[in-house]
Amino acid sequence: MTHSILDNRPALAREVADVSEVAGYLWQKGWAERNGGNITVNVTDSIDEEIRTMLPVSEKIPIGRELPYLKGTYFFCKGTNKRMRDLARWPMENGSVIRILDDCASYEIIADKPVKPTSELASHLSMHNYLIGKGSSYKAALHTHPIDLIAMTHHPAFLEKDKLTYLLWSMIPETRAFCPRGLGIIPYAMPSSFELADATLKELEEYDVVMWEKHGVTAVGENIMEAFDMVDTLSKAAQIYLTAKSMGFEPEGTTIEQMEELKLAFNLPK
Ligand code: 13P
Ligand code: ZN
């Protein structure tokens, strides 16, 4: 019988189960080819004293930057090069818990196996550091590769600020209701780079969901389900747009007045 750090830790096991569930959805959606996409969840609230003193299963690994708000925090992370469809079935073989060390610039792996976290860790941890710093209750970050939304970023007209936001909001009222801060756009940047991490942070000031041009979507939320739901809602709106186009017409979209009415009725932030 093999032991897992999830044994007798229902709160932590629940966090990991939610990640597994979402990882399965990402695969089913066709958004997670091979190792595409990554997830990190701040699980610090589910960490007990025993884990806090547990010996790591890795060396100390540098993050590459100092993230002061992350001191002593813990994250469950998808492993780099690991498949979402495998994470769905075997989370502790395709992901791990990391402990951010007191220097705030390095981490070690506390897990069943030394699964190295995602190559987008710089972006993910920078986002978590930003969220904690501003007192946000958000705990989850998701990066994924939705076909429809990425295709839209291949058209320069859709890269203009808030162009996609209004277009997608106008396809079906739920989009504005459940993704009320809209969609930020970041010009193409090298995957895994600090440039991409910093551009993402800047957009988070205004948006919960950010498009990485010709690469994917990154979303933050209270929990991983919420982050997934926002991307799913936006993808649905994109599909309505593309379906109308494939039927040979430009969809009319709800009017600015109808969207304003919705904003007032639902008390939406933007
Ligand atoms: P990882 O396998 O390192 O998480 O990378 C996947 C990805 O989508 C990079 O942007
Ligand atoms: Zn990616």
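Ligands are counted one by one from 1 in listed order, and the atoms in each one are counted from 1 as well.
Each of the atoms 1 (P), 2 (O), 4 (O) of ligand 1 lies under 4.0 Å from some heavy atom of Lys78. Shown in contact with His145 at under 4.0 Å from a heavy atom are these atoms of ligand 1, numbered in order with element: 8 (O). Close approach to His215 involves these atoms of ligand 1, each under 4.0 Å from a residue heavy atom: 10 (O). The contact set between ligand 1 and His143, taken as ligand atoms under 4.0 Å from a residue heavy atom, comprises 8 (O), 10 (O). Less than 4.0 angstrom separates some heavy atom of Asn35 from each of these atoms of ligand 1: 1 (P), 2 (O), 5 (O), 6 (C).
In terms of protein heavy-atom proximity, atom 5 (O) of ligand 1 is nearest to Ser119 OG, 3.4 Å. The closest protein non-hydrogen atom to atom 7 (C) of ligand 1 is Asn38 ND2, 3.4 Å. Closest protein heavy atom to atom 8 (O) of ligand 1: Gly37 N, 2.8 Å.
Considering backbone and side-chain N/O of Pro191, none are found under 3.5 Å from N/O of ligand 1. Of the N or O atoms in Thr118, one or more lie within a sub-3.5 Å distance of an N or O in ligand 1. For a threshold of 3.5 Å applied to N or O pairs, the pair formed by Glu120 and ligand 1 contains at least one separation below that value.
Here the straight-line distance linking atom CD1 of Ile63 with atom CD1 of Ile98 works out to 6.5 Å at 0.5 Å rounding. The structure places CG of Leu12 at 5.5 Å from CG of Leu6, a figure rounded to the nearest 0.5 Å. The CE atom of Met211 lies 10.5 Å from the OG1 atom of Thr165; values are rounded to the nearest 0.5 Å.
Counting heavy atoms under 4.0 Å from ligand 1, residue Asn81 touches it through the backbone alone.
One side chain, Tyr207 or Asp162, offers a donor N or O that lies under 3.5 Å from an acceptor on the other. Side chains of Thr40 and His128: a donor-acceptor N/O pair is present below 3.5 angstrom, by distance only. Using modelled atom types, one finds a donor on one side chain and an acceptor on the other under 3.5 Å when comparing Glu222 with Ser137.
Put simply, Ile100 and Ile110 are part of two different groups of oily side chains (I, L, V, M, F, W, Y) that touch within less than 4.5 Å, one to the next.
Salt-bridge annotation for Glu206 and Lys270: present, with a side-chain N of the basic residue lying under 4.0 Å from a carboxylate O of the acidic one. Note on Asp18 versus Arg14: salt bridge recorded, some NZ/NE/NH1/NH2 to OD/OE distance being below 4.0 Å. A salt bridge does not link Glu15 with Lys139: every distance from a Lys NZ or Arg NE/NH1/NH2 to an Asp or Glu carboxylate oxygen is 4.0 Å or more.
Taking a cut-off of 2.8 Å, the protein N, O or S atoms nearer than that to the Zn ion (ligand 2) are His143 NE2, His145 NE2, His215 NE2.
Applying the side-chain hydrogen bond (donor to acceptor under 3.5 Å, both in side chains) test to every pair with at least one member in residues 171-191, sequence neighbours left out, gives these pairs: Arg181-Asp208.
In this structure, His143 has its ring center closer than 6.0 angstrom to the ring center of His215.
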